[in-house]
Amino acid sequence: MQWESVIPNAVSGYAADAQTASLQMDSDAFAGFYQRSSRPLWAYLARVSGDPALADDLTQESYVRFLCATSPPLLQEGEVASKRYLFRIATNLLRDHWRRPHSASIEEIPEEFFVAKAHPEQADSEAVLTPALARMRPRDRQILWLAHAEGYSHHEIAEVTGLASASIRILLFRARRKIASLLREQEKAGFVSNPERRWQP
């Protein structure tokens with residue numbers, strides 16, 4: 001999917017800031033960055049929020065804000081830093097969304113949404129993890145995703161989430177212990193075998 005079709009005139013709503021951003025970032029460079037980062041960003045937002053429609057909206061808004069930043073990090077610090085910056089924008093948007101009253105519930109999301117059809121092993125893993133993750137706090141889902149799906153270090157997770165770097169280690173330990181416990185419960189109920197193979201503390 002081309003980035004122009006995802007952000008079709010959305011940037012134009014930012015007027016002068018958008019024009020400045022377009023001068024600071026080459027269109028081809030951004031298109032490549034979008035292709036490499038959009039799916040991981042959307043997956044992060046969808047998994048943490050439990051709402052694919054919200055993930056669509058926040059993904060688009062994240063790229064708009066990234067483009068309209070006065071000094072996009074892609075030019076100065078490289079793509080790794082740019083991706084962390086993009087995830088930080090998305091995290092802030094998600095936090096703002098959580099502060100507003102809303103009625104959406106993860107139970108309203110069809111379970112098949114979380115199952116990837118292209119890779120059977122991944123689909124099996126997702127089907128096993130989804131019920132356990134749904135029972136966890138959003139912050140715990142967030143740091144588990146950043147650590148395991150994105151491979152971020154404690155310092156990078158702190159940068160994305162705005163949490164204190166010193167607290168990430170213990171928060172991640174507790175989140176891993178929580179999901180391991182939930183997976184053991186699922187195993188006892190007959191849902192999964194070898195429950196801790198992917199989330200060892």
Side-chain angles (χ1 to χ4, degrees), residues 38-59 61-62 84 87-201:
S38 60
R39 181 64 189 173
L41 180 69
W42 183 88
Y44 164 68
L45 289 167
R47 177 62 78 185
V48 173
S49 71
D51 185 342
L54 177 63
D56 289 341
D57 293 344
L58 295 186
T59 296
E61 180 65 16
S62 296
R84 282 200 308 269
F87 270 66
R88 188 165 70 238
I89 291 171
T91 298
N92 289 336
L93 289 171
L94 190 56
R95 189 175 292 126
D96 290 344
H97 171 78
W98 284 334
R99 287 177 180 148
R100 294 192 298 268
H102 61 284
S103 58
S105 167
I106 196 165
E107 286 77 23
E108 298 169 12
I109 310 302
E111 186 166 332
E112 54 267 26
F113 159 75
F114 294 102
V115 179
K117 298 179 176 62
H119 305 287
E121 289 183 12
Q122 182 181 355
D124 178 61
S125 173
E126 297 259 341
V128 167
L129 290 173
T130 293
L133 286 169
R135 295 171 61 191
M136 299 184 73
R137 293 182 305 170
R139 186 181 70 183
D140 291 339
R141 292 197 302 263
Q142 180 183 38
I143 62 175
L144 281 171
W145 186 270
L146 291 172
H148 293 281
E150 293 300 321
Y152 283 167
S153 68
H154 294 171
H155 175 75
E156 290 168 332
I157 293 171
E159 185 179 332
V160 167
T161 61
L163 298 169
S165 184
S167 68
I168 296 298
R169 183 185 182 103
I170 188 66
L171 291 173
L172 190 53
F173 172 79
R174 288 173 180 167
R176 287 171 174 156
R177 188 170 57 183
K178 175 66 173 175
I179 198 167
S181 172
L182 292 171
L183 289 171
R184 279 193 297 271
E185 288 178 22
Q186 288 180 189
E187 182 184 28
K188 288 178 184 175
F191 292 125
V192 59
S193 61
N194 197 12
E196 297 181 59
R197 64 179 180 263
R198 293 179 179 85
W199 298 98
Q200 287 286 348

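Positions are given from 1 along the sequence.
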Next on the checklist: Within the 4.5 Å heavy-atom criterion, are Asn92 and Arg95 side-chain neighbours or not?
Outcome noted: yes
Item to check | Validation row: His97, Glu61 side chains within 4.5 angstrom (heavy atoms) | outcome: no
Next on the checklist: Measuring only between side-chain heavy atoms, which start at C-beta, is Ile157 closer than 4.5 Å to Leu171?
Outcome noted: no
Checklist entry - Does any N or O in the side chain of Ser181 come within less than 3.5 Å of the main-chain N or O of Arg177, such that one atom is a donor and the other an acceptor? => result no
Item to check | Ala43: partners by side chain to side chain contact (heavy atoms under 4.5 Å, CB included), with sequence neighbours left out | outcome: Trp145
Checklist outcome for this item: So side-chain hydrogen bond (donor to acceptor under 3.5 Å, both in side chains) across residues 162-175, not counting sequence neighbours, yields none
Checklist entry - Can any side-chain N or O of Gln186 pair as donor or acceptor with the backbone N or O of Ala132 at less than 3.5 Å? => result yes
Checklist outcome for this item: When rounded to the nearest 0.5 Å, the distance separating CZ of Arg47 from CH2 of Trp42 is 9.5 Å
Next on the checklist: The criterion is salt bridge (Lys or Arg N to Asp or Glu O under 4.0 Å); which residues satisfy it with Arg39, sequence neighbours excluded?
Outcome noted: none
Next on the checklist: What verdict does the side chain to side chain contact (heavy atoms under 4.5 Å, CB included) test give for Thr161 and Ile168, after you've listed the backbone C-alpha separation in whole Å, the side-chain angles of each residue and the deciding distance to 0.1 Å?
Outcome noted: CA-CA 10 Å; Thr161 61; Ile168 296 298; 4.3 Å; yes
Checklist entry - Less than 4.5 Å apart, any side-chain heavy atom of Glu156 and any of Leu146? => result no
Next on the checklist: Within this structure, what is the CD1-CZ distance for the pair Ile179 and Arg184, rounded to the nearest 0.5 Å?
Outcome noted: 11.5 Å
Checklist entry - Does Glu159 reach the side chain of Tyr152, with side-chain heavy atoms less than 4.5 Å apart? => result no
Item to check | With sequence neighbours excluded, residues passing salt bridge (Lys or Arg N to Asp or Glu O under 4.0 Å) with Asp96 | outcome: Arg99
Checklist entry - Can you pull the salt bridge (charged side-chain N to carboxylate O under 4.0 Å, His left out) pairs that have at least one residue in residues 145-154, sequence neighbours excluded? => result Lys83-Glu150
Item to check | Validation row: Ser62, Phe87 side chains within 4.5 angstrom (heavy atoms) | outcome: no
Checklist outcome for this item: For Ala158 and Ala164, the nearest pair of non-hydrogen atoms, with its separation, is CB-C, 4.2 Å
Item to check | Student check: side-chain heavy atoms of Leu54 and Leu45 closer than 4.5 Å | outcome: no
Next on the checklist: For Asp57, give me all partners under side chain to side chain donor-acceptor pair (under 3.5 Å), at least two apart in sequence or on another chain.
Outcome noted: none
Checklist entry - Got Leu58 and Leu41 here, is their nearest side-chain heavy-atom distance under 4.5 Å? => result no
Next on the checklist: Quick one: does any side-chain atom of Arg141 pair with a main-chain N or O of Met136 as donor and acceptor, under 3.5 Å?
Outcome noted: yes
